[in-house]
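First up is the structure itself, then whatever we jot down about it.
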Amino acid sequence: MLTRFEHFALTSMAGAEDSPPRANGTLCFAEEWERSAFGVALALAREGHFEWEDFRQNLIAAIGDWERTQAPDGPSWNYYEQWLSALEATILQSGLATPDELSARLATVTATAPADTRPA
């Protein structure tokens, strides 16, 4: 069951260009890291560390950047890679971490995660 904030966050994105992938009305996660990144963004916004709209605008920008820079024969699309990019940008903009702190934390998480659960 979703909290009121989670319901707001999801419905504010429904049908928009930054809307999360769904199947039969439920969110789709191909990898556990995608579910984790999704949950972290919701939790940080819900706890007031940043405004949801700031994250949403960063997500729209990340998607736009990907669309502008990818060659037709480039890597396949992954919505949650853009989500993660937007989350990182929002964390930096909100002052929750410095670039060095974020890089160090991501390196630690990536190094300790099983190879098949790491973002590309």
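Values reported hereafter were calculated over all heavy atoms of this structure, with side chains retained and with hydrogens, waters and symmetry mates removed.
Counting only distance, with no hydrogens or angles, the side chain of E101 and the backbone of A97 share no donor-acceptor pair below 3.5 Å. Side chain of S85 to backbone of E81: no donor-acceptor contact under 3.5 angstrom is found. With W83 contributing its side chain and A37 its backbone, the two residues share a donor-acceptor pair below 3.5 Å.
With rounding to the nearest 0.5 angstrom, the CZ atom of F55 is 8.0 Å from the CG atom of L42. L59 contributes atom CG, which lies 10.5 Å from atom CD of E53 (distance to the nearest 0.5 angstrom). If you take CD on E67 and CD on Q82, they are separated by 9.0 Å, rounding to the nearest 0.5 Å. For the atom pair CG (N78) and CD (E31), the distance works out to 8.5 Å, reported to the nearest 0.5 Å.
For the pair T90 and W52, the minimum side-chain heavy-atom distance is 4.5 Å or more. Side-chain contact between R35 and Y80 is absent, with no heavy atoms from C-beta onward closer than 4.5 Å.
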Should N58 and Q93 be marked as a side chain to side chain donor-acceptor pair (under 3.5 Å) after you check the CA-CA gap, both sets of side-chain angles, and the distance that decides it?
CA-CA 10 Å; N58 282 332; Q93 289 168 356; 2.8 Å; yes

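Residues satisfying the side-chain hydrogen bond (donor to acceptor under 3.5 Å, both in side chains) criterion with D65, sequence neighbours excluded, are R68.
Minimum interatomic distance between L84 and W33 (heavy atoms only, all atoms of both residues): CD2-CZ3, 4.0 Å. The minimum heavy-atom distance linking I91 with S94 is given by the pair O-OG, 3.1 Å. Across all non-hydrogen atoms, the minimal contact from A41 to F50 is O-CZ, 3.7 Å.
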